[in-house]
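For reference, the structure is listed below as structure tokens.
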Amino acid sequence: MTWIPWNTQLRELAKQCQYLQALTLYRQMLRCGSTPNAFSFPFALKSSASLYLPSSGQQLHCQVIKSGCSPEPFVLTSLISMYCKFNSLVNARKVFDENPISNQLTVCYNALISGYALNSRVFDVIALFCRMREMGVSVNSVTMLGLVPVLSEPGYISLGMSFHCCCVKLGLNLDFSVANCLLTMYVKSGAIESGRNLFDEMPKKDLITWNAMISGYAQNGLAADVLELYKKMEAAGVCPDAVTLVGVLSSCAHLGAISVGREVEQRIESSELGFNPFLNNALINMYARCGNLVKARAVFDGMPVKSVVSWTAIIGGYGMHGYGEIAVELFDEMIKSGIRPDGAAFVSVLCACSHAGLTEKGLDYLAEMKSKHRVQPGPEHYSCVVDLLGRAGRLNEALELIKSMQVKPDGAVWGALLGACKIHRNVEMAELAFEQVIEFEPTNIGYYVLLSNIYSEAENLEGVLKVRVMMRERKLKKDPGFSYLEYKGRVHLFLAGDRSHPQKEEMYRMVDKLESLAKKLDENEERRNKDVLVGMGVHSEKLAIAFGLLNSEARTEIIVVKNLRVCEDCHIFLKGVSKIVDRQLVVRDATRFHHFKDGICSCKDYW
DNA sequence: CTTGAAGCAC
């Protein structure tokens with residue numbers, strides 16, 4: 001039998017992450033009378049750090065000191081890193097300061113910088129980096145790896161950019177690891193353009209590079225860019241993983257891009273990703289938002305383990321499509337099954353209540369949040385409940401609720417009240433709500449328009465003028481509304497009030513028809529749905545819809561689906577189509593317009 | 001036994 005030296009065995013075990021075995025071996029080594037040296041300690045230290053055994057680590061530290069190995073660089077870095085892993089930065093720093101040699105070693109700085117970064121100690125990280133530069137200690141990519149993540153925190157992006165420059169100046173090769181970190185930093189801090197620039201500059205991209213960019217777009221709400229990039233990724237031959245697909249699905253949900261969503265689902269089914277709970281949650285969300293509740297429910301039912309996120313997605317799905325009763329039932333079922341609702345779950349059920357007019361139920365939930373479930377209601381919950389009370393015409397109660405809030409109300413809370421004032425034509429309270437809401441969102445043009453409409457409905461011309469003056473003074477300009485859609489390979493652009501289109505006659509006739517239809521539905525509907533049927537969105541959108549309907553070869557004059565689908569080669573996807581009434585179109589608050597080309601969706605937000 | 005640590009990103 002060949003004799004393998006203790007240190008070699010120890011190293012191998014640590015390398016293979018068999019930390020427990022490594023520690024056992026280390027103890028065995030001591031029992032056999034071998035003296036650990038500067039090449040034994042690091043592996044033992046790393047093992048106890050990885051197993052999170054602070055007491056064993058302390059013990060090892062004592063042994064290190066006794067053995068006189070402390071100033072060995074290898075040992076030093078291991079000690080520092082270990083204390084960082086135990087979150088005991090004071091001890092890590094002590095080791096660093098007590099051994100002056102640390103001051104000259106890149107590895108020691110790196111270990112400590114990572115430790116500070118892990119604990120979001122931005123200033124310590126930067127101070128250490130500066131000191132390192134002053135001392136003339138060389139910086140490498142591991143240093144940057146530690147530095148960059150803390151710069152993703154809000155407010156540090158300009159510093160992050162200078163670090164990026166620094167990397168370039170130092171001639172550090174921006175290999176995957178550093179470049180990916182920088183990319184993540186940019187997208188997390190919302191500097192999505194800079195992120196994209198870096199992304200484009202990267203000669204080689206790995207899976208994480210693509211994922212970082214895709215998730216970055218998804219988190220910043222740039223759903224169309226997500227889909228574009230996803231296509232490019234596939235073209236580049238990079239195989240997407242669960243992280244990629246979560247980002248893609250969330251964008252499909254935003255855009256109503258169900259065709260891409262279905263593609264993704266097929267891909268999931270044909271791979272082993274089907275068991276990934278994150279992906280399944282994203283699928284539920286996508287189907288729910290695209291209006292296919294049957295599919296959403298099937299995915300939900302098929303999940304062996306449902307988390308609060310899964311429940312929230314399905315509850316939200318039923319809620320947003322008007323099935324408040326089912327949403328409420330599901331919520332109660334979730335609680336029965338022992339899942340603790342979080343803030344987001346309450347948002348979904350409260351929204352469901354307000355959409356379905358379940359006023360009392362919603363109020364009960366708000367009360368239970370604190371008392372039963374120990375969830376502190378935030379402004380996002382109050383805005384739901386204000387909306388709920390507002391729809392029911394209980395404006396005074398809504399106002400009282402806002403006044404009684406323990407947290408500070410935000411723009412959305414007052415905005416919900418303002419919206420309710422519009423439904424119930426309460427000018428006085430609208431003025432009050434408006435005053436508050438523009439404190440929070442002075443440039444949100446929507447609120448000005450809302451108030452102006454309230455005044456104009458009340459035939460208060462003075463008020464309308466007042467709002468207009470205010471908008472002019474604040475230099476708020478309403479973007480000219482435009483919509484576009486692609487039909488048979490040509491993009492048709494529609495500007496509000498535009499009369500230049502060759503089919504204008506028929507289009508305007510169709511618009512009139514649609515408007516009278518919307519109005520008729522408006523009159524027929526129950527009061528609680530009044531806001532659902534306020535009309536058909538902006539003028540350019542009406543033109544686009546009219547154009548689509550005119551050119552469709554579909555037999556029904558008006559096809560009603562959640563995502564209005566006119567015919568195979570001419571798709572219009574509207575967010576907010578919220579009701580199907582006798583095969584007729586009911587559009588609610590259409591504020592986005594989408595067109596599809598090769599499965600890539602673009603959208604334009606406008607007022 | 002001459003062995004090589006520090007560590008990040010979706």
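A, B, ... follow the sequence lines: proteins, then strands. Residue 1 opens every chain.
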Rounded to the nearest Å, what distance is computed from the [atom1] atom of residue [X] to the [atom2] atom of nucleotide [N]?
| X | N | atom1 | atom2 | answer |
| --- | --- | --- | --- | --- |
| A:Leu118 | B:dG7 | CG | C1' | 10 Å |
| A:Phe163 | B:dC8 | CZ | P | 17 Å |
| A:Leu128 | B:dA6 | CG | C1' | 13 Å |
| A:His164 | B:dA9 | NE2 | C1' | 14 Å |
| A:Leu145 | B:dC10 | CG | C1' | 14 Å |
| A:Ile214 | B:dC10 | CD1 | C1' | 10 Å |
| A:Phe41 | B:dA6 | CZ | C1' | 20 Å |
| A:Leu10 | B:dA5 | CG | P | 13 Å |

### Closest to side chain of A:Ala111, choosing from B:dA9, B:dC10, B:dA6
B:dA6
### Minimum-distance nucleotide to A:Cys181 side chain [options: B:dC10, B:dA6, B:dC8]
B:dC8
### Message
Is it the case that B:dA5 (base atoms only) and A:Asn110 (side chain only) share a donor and an acceptor within less than 3.5 Å, ignoring hydrogens and angles?
### Response
no
Classify the angle between the aromatic ring planes of [X] and [Y] as parallel (below 30°), tilted (30 to 60°) or perpendicular (above 60°).
| X | Y | result |
| --- | --- | --- |
| A:Phe346 | A:His381 | perpendicular |
| A:Phe74 | A:Phe39 | perpendicular |
| A:Phe41 | A:Tyr26 | tilted |

### Query
Within the pair A:Lys188 and B:dA9, is there a side-chain N or O less than 4.0 Å away from OP1 or OP2?
no
### Message
Does B:dG7 have OP1 or OP2 under 4.0 Å away from a side-chain N or O of A:Ser81?
### Response
yes
### Task
Could you tell me which residues satisfy side-chain contact (heavy atoms from CB on, under 4.5 Å) with A:Ser88, sequence neighbours excluded, listed by chain and number?
A:Tyr83, A:Asn91
### Query
Between A:Phe129 and A:Tyr109, is the ring centre distance below 6.0 Å?
no
### Query
Just wondering, more than 12 heavy atoms not from A:Arg340 lying within 6.0 Å of its CZ?
no
Atom pairs under 3.5 Å, N or O on each side, protein against nucleotides 1-4 of chain B: can you list them with distances?
| unit_1 | atom_1 | unit_2 | atom_2 | d |
| --- | --- | --- | --- | --- |
| B:dC1 | O2 | A:Thr8 | OG1 | 2.9 |

### Message
Over all strands shown, is A:Thr77 touching base, sugar-phosphate only, or nothing at heavy-atom distances under 4.0 angstrom?
### Response
base
### Task
Scan A:Lys205 against the nucleic acid and name what it touches under 4.0 Å (heavy atoms): base, sugar-phosphate only, or nothing.
nothing
Pairs of donor and acceptor atoms involving the side chains of residues 268-276 of chain A, under 3.5 Å and at least two apart or interchain, shall be tabulated with distances.
| unit_1 | atom_1 | unit_2 | atom_2 | d |
| --- | --- | --- | --- | --- |
| A:Ser270 | OG | A:Gln266 | O | 3.2 |
| A:Ser270 | OG | A:Arg267 | O | 3.1 |
| A:Ser271 | OG | A:Arg267 | O | 3.1 |
| A:Ser271 | OG | A:Ile268 | O | 3.0 |
| A:Ser271 | OG | A:Leu273 | N | 3.2 |
| A:Asn276 | OD1 | A:Phe278 | N | 2.8 |
| A:Asn276 | OD1 | A:Leu279 | N | 3.2 |

